Amino acid sequence: MTNQPIDRFKSQVLLILSEIPKGECIAYGELAKLAGFPGYARQVGQLMKNLPKDTKLPWHRVVNAQRRISFAENTDGYLRQKERLEQEGWLIVGTRLTNHTPPSRQKPEQSQ
DNA sequence: TAAGCGGCGGTTC
DNA sequence: AGAACCGCCGCTT
């Protein structure tokens, strides 16, 4: 339409997103960069928000650069994303993602 | 037209 | 490690 670059941005992002393997996650900025639009992290988030609820795209695999779910904990969006991520093997503590059991306050210090 | 707001990110304190 | 700040860029008011 009138917004060709923007439309392309969406297409690219959604394409890359659909290629994200199960059990893996990517940051908004990372996704934007891979799509060819570095700096468009927020737009990716906006795009995710605008995705239809019945989309089969792995929107839940998109988290922020801090490896955290960008929704507030009490929101339904957070709960949905958490559910889906846990379903793919992720262990989630609060908004934080961990691949396996979190190191119960195990501090590196001189360990090794 | 201007101002504010995000499913953000990187740096700094 | 966590909170605060600023920079970013399109969308909504």
Side-chain angles (χ1 to χ4, degrees):
Chain A
M1 314 316 190
T2 55
N3 302 320
Q4 294 171 15
I6 299 172
D7 200 49
R8 177 168 170 68
F9 164 73
K10 292 178 182 175
S11 306
Q12 279 302 306
V13 170
L14 297 183
L15 175 61
I16 305 281
L17 177 59
S18 69
E19 297 296 308
I20 305 299
K22 177 175 176 290
E24 204 171 304
C25 62
I26 186 173
Y28 294 92
E30 186 88 16
L31 181 51
K33 194 187 301 177
L34 288 180
F37 291 78
Y40 281 61
R42 295 191 107 134
Q43 271 55 236
V44 170
Q46 195 168 51
L47 180 51
M48 295 299 103
K49 180 164 54 178
N50 286 311
L51 285 177
K53 291 190 304 182
D54 59 1
T55 182
K56 57 284 170 262
L57 290 171
W59 58 270
H60 54 281
R61 292 178 194 154
V62 185
V63 296
N64 64 30
Q66 282 71 226
R67 283 279 115 122
R68 285 170 166 282
I69 293 177
S70 289
F71 281 116
E73 292 189 44
N74 46 47
T75 63
D76 61 324
Y78 160 77
L79 294 174
R80 281 208 292 279
Q81 185 164 16
K82 181 186 177 191
E83 273 302 308
R84 286 183 174 275
L85 286 174
E86 289 180 329
Q87 203 171 186
E88 299 189 351
W90 287 96
L91 181 60
I92 301 172
V93 181
T95 57
R96 192 165 171 179
L97 273 68
T98 62
N99 26 17
H100 66 81
T101 64
S104 14
R105 77 176 93 147
Q106 166 196 19
K107 44 185 192 177
E109 256 179 304
Q110 313 178 319
S111 305
Q112 225 277 184

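Everything numeric here is computed off the predicted structure, so don't read it as measured data. In what follows, chains are A, B, ... by sequence order, proteins preceding strands, each numbered from 1.
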To the nearest angstrom, how far is [X] atom [atom1] from [N] atom [atom2]?
| X | N | atom1 | atom2 | answer |
| --- | --- | --- | --- | --- |
| A:Gln46 | C:dT13 | CD | P | 11 Å |
| A:Phe9 | C:dC11 | CZ | C1' | 12 Å |
| A:Gln66 | C:dA3 | CD | P | 12 Å |
| A:Arg84 | B:dG7 | CZ | P | 18 Å |
| A:Leu97 | B:dG7 | CG | P | 18 Å |
| A:Asn74 | B:dG7 | CG | C1' | 14 Å |
| A:Tyr28 | C:dG10 | OH | C1' | 16 Å |
| A:Phe71 | B:dG6 | CZ | P | 12 Å |

Strictly below 4.0 Å: does A:Tyr40 bring a side-chain N or O up to OP1 or OP2 of B:dC8? no
Please determine which of A:Leu14, A:Leu31, A:Leu17 meets the side chain to side chain contact (heavy atoms under 4.5 Å, CB included) test together with A:Leu47. A:Leu14
Look at the side chain of [X] and decide which nucleotide, out of [options], has an atom nearest to it.
| X | options | result |
| --- | --- | --- |
| A:Ala27 | C:dG10, B:dG9, B:dG7 | B:dG9 |
| A:Arg42 | B:dG7, B:dC8, C:dG2 | B:dC8 |
| A:Arg96 | B:dC8, C:dG2, C:dG10 | C:dG2 |
| A:Asn64 | B:dG7, B:dG9, C:dG10 | B:dG9 |

Could you tell me the Watson-Crick or G-U partner of B:dG4, where both distances fall under 3.5 Å? Say none if there is no partner. C:dC11
For A:His60 and A:Glu88, test the side chains for any donor-to-acceptor distance below 3.5 angstrom and give the result as yes or no. yes
Quick one: label A:Gly39 by what it contacts on the DNA or RNA (base, sugar-phosphate, nothing), any heavy atom closer than 4.0 Å. sugar-phosphate
For A:Val62, answer base if it contacts any base atom (sugar-phosphate contacts may also be present), sugar-phosphate if it contacts only those atoms, and nothing otherwise; contact means non-hydrogen atoms under 4.0 Å. base
Specify whether A:Phe9 and A:Tyr40 have parallel, tilted or perpendicular ring planes, treating 30° as the upper limit for parallel and 60° as the lower limit for perpendicular. tilted
Main-chain N/O of A:Ile20 paired to A:Arg61 side chain as donor or acceptor, under 3.5 Å: yes
Is A:Glu73 salt-bridged to A:Lys82, going by a charged N under 4.0 Å from an acidic O? no
If you find the nucleotide of DNA chain C closest to A:Gln43 and the one closest to A:Asn50, which residue's nucleotide is nearer the 5' end? A:Gln43
Assign each of A:Lys33 and A:Arg61 to its nearest nucleotide of DNA chain B by heavy atoms, then name whichever residue's nucleotide is nearer the 5' end. A:Arg61
